[in-house]
Amino acid sequence: MHAVIGLGNPGPSYAATRHNVGQMVVGLLAERAGGRLSSVKNTGALALTAHIGPPPSAKALLGVSTGYMNVSGGPIKALLAYFSIDPDELMVVHDDLDLPFGALRLKRGGGEGGHNGLKSISQALGTRDYIRLRCGIGRPPGRQDPADFVLSPFSARERADLGAVIEEAADAAVDVLARGLTAAQMRLHTDRG
């Protein structure tokens, strides 16, 4: 079984911020599966096991940490252990400042690019060798601090397109589960250029 984990911060004040786009994608996947994420004992995470995608669908664990982004590694490690999922079967969906808004990229491994959520996960798991679905949020305007930018809501123009971006990211996650990373990368990166 694969795990698809969406990064973000807890609570309504963060729900619509750029940093929470990973949780938005996982929320859509749970909605598509007709389920809800619920608390998993002693993990600090919410999760749902569901069949994802069109038949024959793949069984996957959808999850989010109930804590803050910067300390998400511990809950994610506990969640993987609870469901006996190897880090090789982990896909993390997260925001990415280095991609323009709406751009999506898939990769396995690599650095964290200054992303504290990824740093926490890599440190907790003792490996960087997991799949990342990078959701572009663009760079902050002017001299705005990146930390403030990621915690701010999407602009009105971005919100107009955000639903479609989240749908496409959810489709890319399903594609990885159904066809494997390489085939999903080829489709996503070829279709989007």
Side-chain angles (χ1 to χ4, degrees), residues 3-30 37 39 43-47 62-80 87 90-170 172-173 188 192:
V4 182
I5 303 295
L7 295 189
N9 286 310
S13 61
Y14 292 107
T17 64
R18 293 176 172 92
H19 226 17
N20 277 44
V21 70
Q23 288 191 357
M24 294 174 197
V25 173
V26 167
L28 176 60
L29 288 168
L37 302 177
S39 182
T43 63
L46 304 175
L62 304 175
V64 299
S65 168
T66 58
Y68 287 94
M69 171 82 77
N70 295 356
V71 292
S72 52
I76 291 169
K77 179 180 181 180
L79 194 61
L80 295 182
L90 170 64
M91 182 188 328
V92 176
V93 187
H94 66 92
D95 59 303
D96 195 310
L97 284 164
D98 293 326
L99 293 175
F101 171 77
L104 300 172
R105 291 287 179 266
L106 281 163
K107 72 173 189 172
R108 179 180 287 279
E112 289 92 10
H115 195 292
N116 289 328
L118 293 177
K119 286 180 185 176
S120 178
I121 293 167
S122 297
Q123 184 174 19
L125 298 180
T127 182
R128 293 177 172 174
D129 192 29
Y130 50 87
I131 297 171
R132 297 98 184 277
L133 173 51
R134 303 164 58 207
C135 302
I137 60 169
R139 300 294 305 175
R143 296 183 179 182
Q144 184 179 10
D145 183 342
D148 293 334
F149 179 71
V150 299
L151 295 177
S152 65
F154 288 95
S155 69
R157 176 183 280 175
E158 290 167 339
R159 282 196 305 273
D161 296 325
L162 184 59
V165 171
I166 292 169
E167 290 275 357
E168 191 172 0
L188 179 66
R192 296 184 127 247

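Both backbone and side-chain heavy atoms feed into the values below; hydrogens, waters and symmetry mates do not.
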Where do [X] and [Y] come nearest, in terms of heavy atoms and distance?
X      : Y      : answer
Gly6   : Val26  : N-CG2, 3.3 Å
Leu133 : Ala169 : CD2-O, 3.3 Å
Val4   : Leu29  : CG1-CD1, 4.1 Å
Leu97  : Pro140 : CD2-CD, 4.0 Å
Leu79  : Gly63  : CD2-CA, 4.2 Å
Thr127 : Pro87  : CG2-CB, 4.0 Å

With respect to Val150, which candidate in Asp95, Thr17, Asn116 satisfies the side-chain contact (heavy atoms from CB on, under 4.5 Å) definition? Asp95
Exam field: side chain [X] to backbone [Y], donor-acceptor pair closer than 3.5 Å:
X      : Y      : answer
Arg159 : Phe154 : yes
Arg132 : Gly110 : yes
Thr66  : Gly44  : yes
Asn20  : Asn9   : yes
Ser152 : Phe149 : yes
Arg18  : Pro153 : yes

Can you tell me how far apart [atom1] ([X]) and [atom2] ([Y]) are? Round to the nearest 0.5 Å.
X      : Y      : atom1 : atom2 : result
Asp161 : Ile166 : CG    : CD1   : 11.0 Å
Tyr14  : Met69  : OH    : CE    : 10.5 Å
Ile121 : Lys77  : CD1   : NZ    : 13.0 Å
Tyr130 : Leu125 : OH    : CG    : 7.0 Å
Asp96  : Ile137 : CG    : CD1   : 7.5 Å
Leu106 : Met91  : CG    : CE    : 7.0 Å

Assess whether a salt bridge exists between Arg139 and Asp98, defined as any Lys/Arg side-chain N lying under 4.0 Å from an Asp/Glu carboxylate O. yes
Just jot down the ring-ring contact (aromatic ring centres under 6.0 Å, His included) partners of His115, sequence neighbours excluded, or say none. His19, His94
Where do Leu7 and Ile76 land on the side chain to side chain contact (heavy atoms under 4.5 Å, CB included) test, with the steps shown first? CA-CA 10 Å; Leu7 295 189; Ile76 291 169; 3.9 Å; yes
Tell me, please, which residues at least two apart from Gln144 pass side chain to side chain donor-acceptor pair (under 3.5 Å). none
